[in-house]
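No experiment lies behind these values; they were computed from the predicted model shown. Naming: A, B, ... by sequence-line order, numbering from 1 per chain.
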2 protein chains.
Amino acid sequence: MDVITEHELINTIKERFANYTNVSNVITNIGDDAFCFTVNDSTICITKDILIENTHFKLSWISATDLGRKAIEVNISDIVAMGQVIPKYVFIGLGLPLTLSKEFILSLYQGFKDTCDEYKIAICGGDTVKAEQLVISITVIGISHCENKIISRHGANVGDVIGVTNTCGDAAAGLELLYQYGSNYTYNYDEISLIKKQNNPKARRQEAWIIANYASSLIDSSDCLYISIQMLIEQYFKGANIYLEKIPVSDHLRNVFNIQNKWRQFALFGGEDYELVFTVSTMASKILKKLLPNISYIGIVTNAKRVKYFYNGKEQYIIYSGYTHFHK
Amino acid sequence: MDVITEHELINTIKERFANYTNVSNVITNIGDDAFCFTVNDSTICITKDILIENTHFKLSWISATDLGRKAIEVNISDIVAMGQVIPKYVFIGLGLPLTLSKEFILSLYQGFKDTCDEYKIAICGGDTVKAEQLVISITVIGISHCENKIISRHGANVGDVIGVTNTCGDAAAGLELLYQYGSNYTYNYDEISLIKKQNNPKARRQEAWIIANYASSLIDSSDCLYISIQMLIEQYFKGANIYLEKIPVSDHLRNVFNIQNKWRQFALFGGEDYELVFTVSTMASKILKKLLPNISYIGIVTNAKRVKYFYNGKEQYIIYSGYTHFHK
């Protein structure tokens with residue numbers, strides 16, 4: 001049988017079916033973190049993510065409350081990665097196996113509510129149906145007013161520097177630990193920090209708001225740093241030089257995965273960090289670094305039409321070794 | 001283990017978690033066909049439905065293209081049941097089992113696209129992930145401008161008549177045939193018509209637009225006529241007299257399920273018809289009937305705080321015998 005890959009599917013969908021490129025009032029491209037359209041002077045941004053048991057999470061690895069929080073948080077990350085957008089409303093679609101306890105479902109909802117309350121987002125409805133595995137389909141709606149800035153993925157200019165908030169790779173490293181040792185294992189402090197980044201991600205809302213005042217393009221790193229750079233750069237026929245030694249990595253990651261420098265793999269190819277990756281002019285980059293000291297600048301936009309990776313001045317040939325959710 | 005019912009879950013969610021009743025700009029209640037909020041002079045309506053294999057459909061009973069068409073159509077039904085709202089954008093979230101062929105997936109998408117094209121709706125993105133069963137999560141966004149009318153569920157006035165478009169019960173009867181005989185059976189003309197109503201539902205967009213000029217409340221009959229009436233009436237502490245002999249039923253349904261008048265059960269308790277159920281003043285009801293001759297008036301709104309059913313003048317004691325998707 002002719003099985004389709006996710007990449008092939010997305011390309012086919014884009015080519016054959018995406019029919020909105022000529023639609024008036026639409027200001028984003030397919031593949032942007034959120035879909036945005038304008039109504040009068042406002043911009044409405046909508047994101048939709050579907051999380052499926054055993055594809056995106058295992059119930060033994062994350063508590064119901066954390067799962068609920070994470071499901072909302074990752075959608076908010078997509079919203080705030082559009083710039084100055086305020087997440088306002090959420091819809092929750094659930095497919096529930098009959099084997100789940102009432103306690104589990106209520107804890108899951110408590111997680112949804114905790115995060116929604118934190119962001120002052122209103123839970124406005126959804127749909128609950130029976131399923132064989134737990135399915136969580138979240139839609140978040142954000143609003144941006146005319147004075148606010150929307151930053152899409154396609155604005156990188158040659159000469160801009162490439163920045164990232166905080167550190168890269170922790171979340172995927174945390175997932176790797178859960179794969180290897182499960183949840184009934186005594187983890188050390190570094191390991192717990194990595195698992196926490198996997199199970200309790202935080203959208204970078206405040207950082208996004210500030211970055212949007214300066215950035216030429218912006219994305220979140222949910223798919224991994226490597227893919228985020230590709231999406232900001234190669235997709236728009238630009239190039240970049242990335243300096244691997246500048247990629248920010250936590251001590252936790254370095255301590256736990258120090259054998260054969262495995263931490264480097266996580267930093268570049270590990271998904272689910274939900275940090276922000278952006279481009280900004282050299283001049284603005286300095287102002288931004290003062291406002292957000294946790295930012296690291298890891299490279300520069302070129303006109304080479306491909307991303308080159310350097311380590312201590314020497315070009316490295318990088319082969320993508322991440323995963324896709326679809327064929328994992 | 002303490003298993004939760006759908007009804008219990010929804011009530012718990014409403015009580016504990018729905019936190020938008022005080023949110024400014026929101027103009028609908030939880031449970032309305034779509035969620036609506038205002039932005040400047042416009043109203044944005046959003047609907048979200050999640051369809052799950054073996055809960056909502058079986059792949060042997062419906063073609064991939066029909067399934068794609070239906071998934072969009074039922075969401076449009078929720079949008080147009082809000083009144084004069086134009087469906088504009090759609091997001092498609094898919095959970096795909098790896099066993100599905102490329103051909104199936106492309107046909108499914110062709111179905112999505114056929115219906116979107118018909119309504120001039122733009123497919124604007126979504127998410128595709130691996131799943132053990134096919135999951136289709138559709139979000140449709142509609143826009144209503146200031147000159148357009150939004151009709152919610154709560155406007156019924158004592159003395160209004162209760163109307164329904166076209167006939168009731170066919171879709172559920174079609175599903176019953178598929179349950180009984182499967183897809184490799186030689187169906188007669190009447191039976192094929194019923195299955196067609198199940199597999200190829202049509203949202204009543206034009207009717208909704210016209211009805212919205214006159215109606216005091218409006219809903220679609222996706223959950224069945226009985227529940228639709230309950231939602232327009234009892235939920236808002238009104239009552240109604242419904243005259244069973246006035247409920248419109250197709251000849252197909254009467255012919256196929258004539259034993260023990262089983263067609264009556266389908267007409268009242270059969271879901272997935274996607275007809276419109278509404279209330280309208282007696283005076284306006286006459287104008288509306290001239291504009292839409294297919295409308296039937298089946299009862300009247302009272303102040304009795306409960307819905308009474310009559311057959312040829314005699315009150316009938318009706319016990320709900322439908323199903324919920326959740327515990328089916």
Is the backbone N or O of [Y] less than 3.5 Å from a side-chain atom of [X], with the two atoms forming a donor-acceptor pair by type?
X: A:Gln133; Y: B:Ala131; answer: no
X: B:Lys48; Y: A:Ser137; answer: yes
X: B:Ser42; Y: A:Val39; answer: no

Most chain B-contacting option - heavy-atom pairs closer than 4.5 Å, from A:Asp41, A:Thr47, A:Asp49: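 Winner by heavy-atom pair count: A:Asp49.
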Which of A:Ile141, A:Ile46, A:Ile44 touches chain B most, by non-hydrogen pairs under 4.5 Å: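 Winner by heavy-atom pair count: A:Ile46.
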Top contributor to chain A interface from B:Glu132, B:His145, B:Glu53 [non-hydrogen pairs under 4.5 Å]: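 Max contact count across the listed options: B:Glu132.
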Under 4.5 Å from a heavy atom of chain A, the part of [X] involved:
X: B:Leu51; answer: neither
X: B:Ile50; answer: both
X: B:Leu134; answer: neither

Any side-chain heavy-atom pair of A:His56 and B:Val129 under 4.5 Å: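 The answer is yes; the side chains approach within 4.5 Å.
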Approximate separation, where rounding is to 0.5 Å, of B:Leu94 CG and A:Ile52 CD1: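 These two atoms lie 9.0 Å from each other.
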Side chain to side chain contact (heavy atoms under 4.5 Å, CB included) between A:Thr139 and B:Phe91, intermediate numbers included: CA-CA 10 Å; A:Thr139 298; B:Phe91 294 81; over 6 Å; no
Whether A:Tyr89 and B:Phe37 hold their rings parallel, tilted or perpendicular, with breakpoints at 30° and 60°: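 Judged by the thresholds at 30° and 60°, the geometry between A:Tyr89 and B:Phe37 is tilted.
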